[in-house]
K.L.:
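Supplied in structure tokens, the structure appears directly below.
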Amino acid sequence: MAPSTSSALTLNVNGEKHTLSVDHRTTLLDALRERLDLTGTKKGCDQGQCGACTVLIDGRRAVSCLQLAVAAEGREITTIEGVADGDRLHPVQQAFLELDGFQCGYCTPGQICSALGVLQEHADGWPSAATTDVRPEAGVPELTADEIRERMSGNLCRCGAYVSIVQAVTRAAGAKEETA
């Protein structure tokens, strides 16, 4: 008898547990969109190169088109639908809205999830390729426009809203510091 090619698994998405049976080859992106009807996460290139499908897994950003759903079991998954606090937008969402950090909006969910990951990575002191001094004793690098552009470089915007996206992340970083 051939081994089964599907499994029942429980995904913890936006604070809610969802049990479903999926083929082992099902990506997290397809499970979110097609099985859980969480269509905010977008399918762009389906090759991990555009960032439209970015979600947070255990607080770290991940392209969900390259993540198998079975590998996400037991981990905390946050999609764009889980970012706001009820009707109150997250500061990153609010900054994107106020500074026109989107045009057509297709990449925006992935951009926002990535920005959340960027802000956490920066707060944790992670350097980027744009960080000039990566020695631990140098401390947390300043979150400059160059740092933001480098850290957000895995998310493409075909409309070219990059200037507004950098401004929105900068504003959100300031709002996060004020609430901390």
Side-chain angles (χ1 to χ4, degrees), residues 13-15 28-29 32-33 38-67 75-134 138-180:
V13 183
N14 301 326
L28 179 57
L29 172 62
L32 293 170
R33 289 184 57 81
L38 295 171
T39 57
T41 304
K42 303 300 184 210
K43 184 178 276 198
C45 68
D46 213 17
Q47 297 177 1
Q49 295 180 10
C50 73
C53 67
T54 303
V55 298
L56 299 172
I57 300 177
D58 295 333
R60 301 291 179 209
R61 50 197 170 140
V63 285
S64 60
C65 71
L66 296 182
Q67 174 81 37
R75 301 180 72 192
E76 178 63 40
I77 302 159
T78 304
T79 68
I80 191 66
E81 290 90 349
V83 172
D85 183 11
D87 290 338
R88 187 170 157 244
L89 294 178
H90 186 281
V92 172
Q93 291 173 304
Q94 190 65 45
F96 265 72
L97 182 63
E98 291 172 358
L99 295 169
D100 201 24
F102 57 91
Q103 286 186 21
C104 80
Y106 194 83
C107 73
T108 305
Q111 296 274 4
I112 289 172
C113 285
S114 189
L116 292 168
V118 161
L119 294 175
Q120 188 59 55
E121 290 163 11
H122 178 261
D124 290 344
W126 292 16
S128 78
T131 304
T132 55
D133 189 350
V134 297
V140 177
E142 183 181 353
L143 193 59
T144 63
D146 284 342
E147 277 285 339
I148 293 169
R149 278 191 288 277
E150 171 60 31
R151 291 170 186 264
M152 294 289 294
S153 66
N155 291 79
L156 303 179
C157 173
R158 292 184 66 178
C159 299
Y162 295 112
V163 171
S164 298
I165 290 168
V166 170
Q167 291 171 345
V169 175
T170 301
R171 180 178 288 178
K176 185 176 180 183
E177 289 173 5
E178 290 171 13
T179 60

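All heavy atoms count here, side chains included; hydrogens, waters and symmetry mates do not.
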K.L.:
Who pairs with K42 by salt bridge (Lys or Arg N to Asp or Glu O under 4.0 Å), at least two apart in sequence or on another chain?
P.N.:
none
K.L.:
Sorted by first residue and then second, give each salt bridge (Lys or Arg N to Asp or Glu O under 4.0 Å) pair with at least one member in residues 105-114; sequence neighbours left out.
P.N.:
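Passing the test, one end in residues 105-114: no pairs.
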K.L.:
Between the side chain of Q93 and the main-chain N/O of H90, is any donor-acceptor distance below 3.5 Å?
P.N.:
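Present.
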K.L.:
Nearest heavy-atom pair of G125 and P141: which atoms, and what distance?
P.N.:
O-CD, 4.4 Å
K.L.:
Looking only at atom types and distance, does a side-chain atom of N155 sit under 3.5 Å from a main-chain N or O of G51, one as donor and one as acceptor?
P.N.:
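Checked: pair present.
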K.L.:
Does R75 reach the main-chain N or O of I57 with its side chain, forming a donor-acceptor pair under 3.5 Å?
P.N.:
no
K.L.:
Testing the basics here: between G48 and L66, what is the closest heavy-atom pair and its distance to 0.1 Å?
P.N.:
CA-CD1, 3.7 Å
K.L.:
Rounded to the nearest 0.5 Å, what's the gap from CG on L32 to SG on C53? Could you check?
P.N.:
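Rounded to the nearest 0.5 Å, the CG-SG separation comes to 9.5 Å.
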K.L.:
Do E81 and T79 have a side chain donor and acceptor closer than 3.5 Å?
P.N.:
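Note: E81 and T79 side chains meet the donor-acceptor criterion.
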K.L.:
Would you please test R88 and D85 for side chain to side chain contact (heavy atoms under 4.5 Å, CB included) and show each step?
P.N.:
CA-CA 5 Å; R88 187 170 157 244; D85 183 11; 4.1 Å; yes
K.L.:
Do the non-hydrogen side-chain atoms of R149 and D146 ever get within less than 4.5 Å of each other?
P.N.:
yes
K.L.:
Please report the interatomic distance CZ(F102) to CD(Q111), rounded to the nearest 0.5 Å.
P.N.:
12.0 Å
K.L.:
Testing the basics here: between V92 and A115, what is the closest heavy-atom pair and its distance to 0.1 Å?
P.N.:
CG1-CB, 3.9 Å
K.L.:
Enumerate the residue pairs fulfilling salt bridge (Lys or Arg N to Asp or Glu O under 4.0 Å) with a member in residues 114-132, sequence neighbours excluded, ordered by first and then second residue.
P.N.:
R60-D124, R61-E121
K.L.:
Between L89 and L97, does a side chain to side chain contact (heavy atoms under 4.5 Å, CB included) hold up when you go through it step by step?
P.N.:
CA-CA 10 Å; L89 294 178; L97 182 63; 4.1 Å; yes
K.L.:
Compare every heavy atom of I80 with every heavy atom of T41, then report the nearest pair and how far apart it is.
P.N.:
N-CG2, 4.2 Å
K.L.:
Hey, what do you get for SG (C65) to CZ (R33), rounding to the nearest 0.5 Å?
P.N.:
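The SG atom of C65 sits 12.0 Å away from the CZ atom of R33.
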K.L.:
Does the S114 side chain pair with the main chain of M152, one donor and one acceptor, at a distance under 3.5 Å?
P.N.:
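No; zero donor-acceptor contacts below 3.5 Å.
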K.L.:
Could you list the residues that satisfy salt bridge (Lys or Arg N to Asp or Glu O under 4.0 Å) with E76, not counting sequence neighbours?
P.N.:
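Result, salt bridge (Lys or Arg N to Asp or Glu O under 4.0 Å) vs E76: none returned.
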K.L.:
Does E150 have any side chain to side chain contact (heavy atoms under 4.5 Å, CB included) partners at least two apart in sequence or in another chain, and if so, which?
P.N.:
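Side chain to side chain contact (heavy atoms under 4.5 Å, CB included) check on E150 returns S128, A129, A130, S153.
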K.L.:
Say you draw a straight line from OG of S64 to CG of L29; how long is it, rounded to the nearest 0.5 Å?
P.N.:
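Here the rounded value is 4.0 Å.
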K.L.:
Heavy atoms only: give me the nearest C113-L56 pair and the separation to one decimal.
P.N.:
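Of all heavy-atom pairs spanning C113 and L56, the closest is O-CD2, 3.4 Å.
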K.L.:
Could you report the tightest heavy-atom contact between W126 and R151, atom names first, then the distance?
P.N.:
O-NH2, 2.6 Å
K.L.:
Less than 3.5 Å apart, which donor and acceptor atoms pair up between the side chains of residues 156-168 and the rest of the protein, not counting sequence neighbours?
P.N.:
{"residue": "Y162", "atom": "OH", "partner": "C157", "partner atom": "N", "Å": "2.8"}
{"residue": "Y162", "atom": "OH", "partner": "C157", "partner atom": "O", "Å": "3.4"}
{"residue": "S164", "atom": "OG", "partner": "L99", "partner atom": "O", "Å": "3.3"}
{"residue": "S164", "atom": "OG", "partner": "D100", "partner atom": "O", "Å": "3.4"}

K.L.:
Could you tell me whether the side chain of T144 and the main chain of E147 form a donor-acceptor pair under 3.5 Å?
P.N.:
yes
